[in-house]
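Read through the structure below, which is laid out as structure tokens, and then see the notes.
All values derive from a computational prediction rather than experimental measurement. Positions are given from 1, in the same order as the sequence printed here.
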Amino acid sequence: MEATSVTIFVTVQKIYYPLLCIMGIPANLFTFYMICFRKCGMSDTAIIYLSCLAIVDTFYLVWVILIDLTLTFWLMQPFWHSHPWCGILGFLQYGSLYSSSWIVVVFTIERYLVLRSTAAKQHFSQAWVTKMICVAIVLTSHLVSVPLAWINIVTPVNFTIDGENVTLPRCHYRDKTYSTVIVWITTFLSGGIPIVLVIIFNYLIGCNLCRASNLFTKEERRVMHGRSTRCMLRRTIVLLTTVSIAFVVLSLPRFVTYCILRTKYNYEKFNRNDYSIPINVAGDLANMLQNLNSTTNFLLYCMVSRRFRQELVQVVTCKAKARELGSVLTHTTMKVFSVVDHKAPPSSNPMTVVLINLKQTE
């Protein structure tokens, strides 16, 4: 019975990870196209952040899910079980993980600052500033990931294949104090701290929106928005809460199980592939959730936008002409993430004003 359960769990992972690649990589690339080349009602800064997020998430899917996990379950000897690929792959994986997590964090903080301060809005509304921030995040993430190239080591391991003993090189965790310290730092930088910051700043954004809505009367809000602001506000706060909960629920299990694996079970003879040990099952389930979060977090920010859905319909139905850019106050829950400049269309009935008298007053 236990052997059957192990076989089922391995089979699920064999199917799950390739399916995640098949769906996630095209989805991220397609969303990148939609954000960059279709008018989805987002500001230039939001387009840059979300486009960069889509790209780094795609690289994460390639390095972690496609090359690492998918090949692990389908090939006996993946190429990265040798020098120098063992270290290079670790560096690339954590670089993309850092980039993805911190782009979300910085984008959330930037939205809060824009709502909070007019000076911050003027500064961060410049596209070149946002581009420099994204480049700095990616470069810093990969720079910080350099020490992770040495947490694994390649050693020969004996296997029994078709009744024959075979010795093959294997890339596995290095049982040293250096590795333990680096992994602890990495776990907090890629999981713990981003989770806390996203929750805090989403909460602060919600508080600012609540205070802002109280500056106007109900009639003034109806004139500005065309409908009840409180309804929009509730939907926006629900979005922020949903994003925060999704990020925490999908990322926290991996954070916890990774800490357990690298402390209580942090010794060389521990068999990470032995699914009769509960922590191994829990660890792999947590990895599946974490990878799902990396695949869908971009859609959590984009697919809730009505403008995005409208443009998606335009593309699917092969209507090449993009829709005109909507009002800055379009009733959408993505408003907090996409502040756009709005120019009023010319009136259909133009009027001419003629000055017929000039009177000087004291």
Separation between CG (L148) and OG1 (T186), nearest 0.5 Å, reads 4.0 Å
Determine whether more than 12 heavy atoms belonging to other residues, nucleotides or ligands lie under 6.0 Å from atom CE of M132. no
Among Y112, F201, Y49, ring pair (Phe, Tyr, Trp, His ring centres under 6.0 Å) partner for F107: Y49
Is there a side chain to side chain contact (heavy atoms under 4.5 Å, CB included) between T140 and Y98 once you walk through the steps? CA-CA 9 Å; T140 303; Y98 277 139; over 6 Å; no
List the steps, then state whether side chain to side chain contact (heavy atoms under 4.5 Å, CB included) holds for L252 with F255. CA-CA 5 Å; L252 189 58; F255 173 73; 3.9 Å; yes
Any chance you could measure F188, atom CZ, to I195, atom CD1, to the nearest 0.5 Å? 10.5 Å
Examine the side chains of Y60 and N291 and answer whether a donor and an acceptor come within less than 3.5 Å of each other. yes
Parallel, tilted or perpendicular for F30 and Y33, by the 30°/60° rule? tilted
Are V105 and V135 linked, directly or through other ILVMFWY residues, by side chains that come within less than 4.5 angstrom of each other? no
Which is it for T108 and L197 under the side chain to side chain contact (heavy atoms under 4.5 Å, CB included) test, yes or no, and what are the steps along the way? CA-CA 9 Å; T108 305; L197 290 177; over 6 Å; no
I133 and E110: side chain to side chain contact (heavy atoms under 4.5 Å, CB included), yes or no, with the steps? CA-CA 11 Å; I133 291 174; E110 187 261 1; 5.8 Å; no
How many angstroms lie between CD1 in I103 and OG in S141, if you round to the nearest 0.5 Å? 7.5 Å
Do you see a donor-acceptor pair shorter than 3.5 Å between the side chains of R111 and T45? yes
When clusters are formed by joining ILVMFWY residues with side-chain heavy atoms under 4.5 Å apart, either directly or through shared neighbours, do I48 and I35 land in the same one? no
Taking it one step at a time, do C52 and C134 satisfy disulfide (SG to SG under 2.5 Å)? CA-CA 7 Å; C52 186; C134 289; 4.3 Å; no
Who pairs with D284 by salt bridge (Lys or Arg N to Asp or Glu O under 4.0 Å), at least two apart in sequence or on another chain? R272
